[in-house]
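First up is the structure itself, then whatever we jot down about it.
Note: hydrogens, waters and symmetry copies are ignored here, and every other heavy atom, side chains too, is used.
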Amino acid sequence: MNFVQCDIKNLVWRGQTVDTIVMNPPFGTRKKGADMDFLFVALNVASQAVYSLHKTSTREHIKRAALRDFNASSAEVLCELRFDVPQLYKFHKKKEVDVAVDLWRFVPKRDGGKDI
């Protein structure tokens, strides 16, 4: 198991793949599209599967982008969960928020591994 900490937009990954990626990306609420940056990279790095959490309210957008734009061969919601997000940051306005979240399984199309 390897852990990588970096700005996802600055990740340098040349032709290597990993079997499976499990991630809980930012939901893209504060910074629009942040979750999609993570999904794009994950689908280019994983060879077998990507498991990822995304807000349920974005379900159709996530599926469409994964299949059409990010070259996933499949995108399936495994289950819907409820996240209780506590007030952790100054920009959080409420003491806590209950968020509906989907657990997704994406299968990447393999074309020899891309440089990202």
Side-chain angles (χ1 to χ4, degrees):
M1 181 181 319
N2 294 320
F3 293 93
V4 177
Q5 181 180 353
C6 70
D7 181 331
I8 196 69
K9 290 184 175 184
N10 296 327
L11 178 66
V12 177
W13 204 272
R14 304 219 185 280
Q16 300 171 309
T17 60
V18 298
D19 294 330
T20 302
I21 293 176
V22 178
M23 63 181 186
N24 178 14
F27 291 143
T29 301
R30 183 159 190 248
K31 183 179 176 195
K32 187 175 174 136
D35 56 336
M36 302 310 284
D37 293 337
F38 277 81
L39 184 56
F40 172 78
V41 170
L43 283 166
N44 282 289
V45 172
S47 64
Q48 301 298 312
V50 174
Y51 295 89
S52 186
L53 297 167
H54 297 270
K55 286 173 59 177
T56 300
S57 63
T58 63
R59 184 178 289 173
E60 289 307 314
H61 171 69
I62 298 291
K63 185 172 187 172
R64 184 173 46 254
L67 295 173
R68 182 187 66 200
D69 303 329
F70 299 164
N71 211 27
S73 64
S74 69
E76 175 186 10
V77 174
L78 300 177
C79 64
E80 185 176 328
L81 309 163
R82 304 295 298 186
F83 262 24
D84 183 37
V85 180
Q87 186 179 28
L88 297 173
Y89 303 103
K90 288 182 181 182
F91 62 83
H92 287 165
K93 304 278 189 251
K94 298 179 181 176
K95 184 176 178 182
E96 63 183 22
V97 177
D98 187 49
V99 180
V101 177
D102 290 338
L103 172 60
W104 286 86
R105 181 177 191 268
F106 302 96
V107 175
K109 290 181 184 172
R110 290 310 331 143
D111 58 4
K114 297 179 182 176
D115 288 348
I116 54 171

If you look at every heavy atom in Gln48 and Arg105, which pair is closest and at what distance?
O-NH2, 4.3 Å
Between Lys63 and Ala75, what is the shortest heavy-atom contact and its length?
CE-O, 4.0 Å
Once you round to the nearest 0.5 Å, how far does CG of Leu67 lie from NZ of Lys109?
8.0 Å
I'd like to know if the side chain of Ser47 reaches the main chain of Val18, judged simply by a donor and an acceptor atom lying under 3.5 Å from each other, with no hydrogens or angles considered.
yes
Donor-acceptor check, side chain of Ser73 to backbone of Val107, threshold 3.5 angstrom: yes or no?
yes
Minimum heavy-atom distance between Leu43 and Pro108, given as atom pair plus value:
O-CB, 3.4 Å
Close side-chain approach of Met36 to His61, heavy-atom, < 4.5 Å:
yes
Hey, could you give me the CG/NZ distance between Asp35 and Lys55, rounded to the nearest 0.5 Å?
9.0 Å
Is any side-chain heavy atom of Ile62 closer than 4.5 Å to one of Phe106?
yes
How long is the straight-line distance from CG of Leu78 back to CG of Asp102, given to the nearest 0.5 Å?
9.5 Å
Going by heavy atoms in the side chains, are Phe83 and Leu53 under 4.5 Å from each other?
yes
Under the side-chain contact (heavy atoms from CB on, under 4.5 Å) test against Val41, which residue among Asn44, Leu39, Val45, Asp37 passes?
Val45
Once rounded to the nearest 0.5 Å, what's the spacing between atom CD of Glu76 and atom CH2 of Trp104?
9.0 Å
